[in-house]
Structure formats: structure tokens, C-alpha cells
Amino acid sequence: QVQLVESGGGVVQPGGSLRLSCAASGRMFSTSAATWYRQAPGKQREFVATVGTRGIANYADSVKGRFTVSRDNAKNTVYLQMNSLKPEDTAVYYCHLPRFNSWGQGIQVTVSS
């Protein structure tokens, strides 16, 4: 079982930036895509971004041009750089490794003035 631990969340003003990190245990991290999801209050969990094993990334339309997903296989870590944040980005963010069906515990991001 691969364990995932997210960090880097917090409160930021609109237009600000945050970088989320998700560290994985074990030695199989590099064999799985790594995906970020988010869930806002009263809404369903939604896809944000994913990065494949070779580093190819895809994004939800709502975050394209503002968010960047990347991975460092040597550190077993996936990142989500979030720029130009908007209040509608407020949510709990989760990382996921689909090959192992592993989920992080979630981390709160709040965008508010």
C-alpha cells in the first residue's frame, strides 16, 4: 500500500500563489500517473490535473494556464503549483495514484480577501 501525504495548503488572497506537494512512500511511485483532485463544500470531487509517468500533463479547463503539475521521481513527490488563484479554487485538494488506488488525506486551500 502506497501512503500519500499532502502539504503546502493554506489561506491566500485572490491572485496569489501556493504550491502543494504530495509525498509517496515506497519505491513504486514512478510507475503510476499522479493526479490532483479537489472538492469544494457541497460539490462533488473534481479532476484538477494529472502527470503521467513520462511527465506529460493534462489539466481541467478551469485551471489551464494557472496551475502546473510536475513530479520528481527521485523524491517520490508530485507538485501542484497554483498561480492567479481565485475564490472558486477554494477546496480540499487530494492527490491520487491511480495504479495503487491510493489517496492522500486532503489539504485545505482557501482563497479569500
Side-chain angles (χ1 to χ4, degrees):
Q1 181 73 8
V2 177
Q3 306 292 328
L4 302 176
V5 178
E6 296 113 337
S7 60
V11 180
V12 64
Q13 292 187 343
S17 298
L18 282 174
R19 188 175 82 153
L20 304 183
S21 299
C22 174
S25 64
R27 290 180 272 182
M28 302 297 287
F29 172 79
S30 63
T31 67
S32 177
T35 303
W36 288 95
Y37 290 84
R38 66 187 182 187
Q39 187 167 17
K43 294 188 177 182
Q44 290 190 332
R45 191 171 296 187
E46 64 174 5
F47 167 80
V48 176
T50 190
V51 57
T53 57
R54 297 182 180 185
I56 296 174
N58 284 288
Y59 301 91
D61 287 344
S62 59
V63 306
K64 271 181 190 174
R66 300 188 298 122
F67 290 11
T68 302
V69 62
S70 61
R71 65 190 300 158
D72 185 339
N73 289 336
K75 295 182 178 180
N76 281 3
T77 301
V78 58
Y79 303 98
L80 186 67
Q81 177 67 44
M82 304 184 294
N83 299 328
S84 302
L85 282 161
K86 305 175 181 180
E88 51 264 42
D89 295 317
T90 295
V92 177
Y93 284 71
Y94 300 87
C95 63
H96 176 53
L97 298 187
R99 180 176 180 182
F100 309 107
N101 196 25
S102 294
W103 290 88
Q105 81 284 2
I107 192 160
Q108 179 70 46
V109 171
T110 302
V111 184
S112 174
S113 55

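Because only heavy atoms are used, hydrogens play no part in the values below, and waters and symmetry mates are left out as well, while side chains stay in.
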Engineer: Tell me whether Lys64 is salt-bridged to Asp61, with the criterion being a basic N under 4.0 Å from an acidic carboxylate O.
Structural biologist: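 Between Asp61 and Lys64 there is a salt bridge, with a charged N closer than 4.0 Å to a carboxylate O.
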Engineer: Do the non-hydrogen side-chain atoms of Ser102 and Met28 ever get within less than 4.5 Å of each other?
Structural biologist: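 Not touching, per the 4.5 Å side-chain cut-off.
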Engineer: Would one find more than 12 heavy atoms of other residues, nucleotides or ligands at under 6.0 Å from atom CD of Glu88?
Structural biologist: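 Counting neighbours around CD of Glu88, more than 12 heavy atoms of other residues, nucleotides or ligands fall under 6.0 Å, so yes.
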Engineer: To the nearest 0.5 Å, what is the distance between CD (Gln108) and OG1 (Thr90)?
Structural biologist: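 Nearest 0.5 Å value for the CD-OG1 distance: 7.0 Å.
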Engineer: Measuring from Leu85:CG to Arg66:CZ, what's the distance to the nearest 0.5 Å?
Structural biologist: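 If we round to the nearest 0.5 Å, Leu85:CG and Arg66:CZ are 6.5 Å apart.
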Engineer: Which heavy atom in Leu97 sits nearest to a heavy atom in Ala24, and how many Å separate them?
Structural biologist: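 Nearest pair, atom of Leu97 first, then Ala24: CD1-CB, 4.3 Å.
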Engineer: Please identify each residue that fulfils side-chain hydrogen bond (donor to acceptor under 3.5 Å, both in side chains) with Thr68, with sequence neighbours left out.
Structural biologist: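 Here no residue qualifies.
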Engineer: Passes side chain to side chain contact (heavy atoms under 4.5 Å, CB included), Val92 versus Tyr37? Steps please.
Structural biologist: CA-CA 8 Å; Val92 177; Tyr37 290 84; over 6 Å; no
Engineer: Taking atom OG of Ser84 and atom CZ of Phe67, what is their separation to the nearest 0.5 Å?
Structural biologist: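 Reported to 0.5 Å precision, the distance equals 9.0 Å.
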Engineer: Can you find a heavy atom in the side chain of Thr50 that is under 4.5 Å from one in the side chain of Val69?
Structural biologist: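 A side-chain contact is absent here, since even the closest heavy-atom pair is not under 4.5 Å.
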Engineer: What's the spacing between Thr35 OG1 and Phe47 CZ if we round to 0.5 Å?
Structural biologist: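 Going from OG1 on Thr35 over to CZ on Phe47, the span is 6.0 Å.
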Engineer: Knowing that exactly one of Asn73, Thr53, Asp72 qualifies, which makes a side-chain contact (heavy atoms from CB on, under 4.5 Å) with Ser30?
Structural biologist: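 Checked Asn73, Thr53, Asp72 against Ser30; only one passes side-chain contact (heavy atoms from CB on, under 4.5 Å): Asn73.
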Engineer: Pair Val63, Arg38 - check side chain to side chain contact (heavy atoms under 4.5 Å, CB included), show working.
Structural biologist: CA-CA 12 Å; Val63 306; Arg38 66 187 182 187; 4.0 Å; yes
Engineer: Regarding Arg71 and the six-membered ring of Phe29, is the cationic atom NZ or CZ under 6.0 Å from the ring centre and inside 45° of its axis?
Structural biologist: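 Pair Arg71/Phe29 counts as cation-pi.
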Engineer: Atom CD in Gln39, atom CD in Glu46: separation rounded to 0.5 Å?
Structural biologist: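 So the CD of Gln39 and the CD of Glu46 are separated by 9.5 Å.
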Engineer: Test of understanding: with side-chain hydrogen bond (donor to acceptor under 3.5 Å, both in side chains), list the residues that count as partners of Thr77, not counting sequence neighbours.
Structural biologist: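 Testing Thr77 for side-chain hydrogen bond (donor to acceptor under 3.5 Å, both in side chains), a comparison that skips the adjacent residues, returns none.
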Engineer: Of Asn83, Asp89, Val109, which meets side-chain contact (heavy atoms from CB on, under 4.5 Å) against Leu18?
Structural biologist: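 Running side-chain contact (heavy atoms from CB on, under 4.5 Å) over Asn83, Asp89, Val109 with Leu18 returns exactly one hit, Val109.
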Engineer: In Å and rounded to the nearest 0.5 Å, what is the SG to CH2 distance from Cys22 to Trp36?
Structural biologist: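 Reported value, rounded in 0.5 Å steps: 5.0 Å.
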Engineer: Classify the ring geometry of Tyr94 against Trp103: parallel below 30°, tilted from 30° to 60°, perpendicular beyond 60°.
Structural biologist: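 Perpendicular, since the angle between the ring planes exceeds 60°.
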Engineer: Using a 4.5 Å cut-off on heavy atoms from C-beta on, say whether the side chain of Gln81 contacts that of Leu20.
Structural biologist: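 No - every pair of side-chain heavy atoms lies 4.5 Å or more apart.
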Engineer: Which pair of non-hydrogen atoms, one from Ser112 and one from Pro14, has the smallest distance, and what is that distance?
Structural biologist: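 Between these two residues, the closest heavy atoms are C-CD, 3.6 Å.
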Engineer: Report whether Tyr79 and Tyr93 are members of the same hydrophobic cluster (ILVMFWY, side-chain heavy atoms less than 4.5 Å apart, transitive linking).
Structural biologist: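 Not linked; separate clusters.
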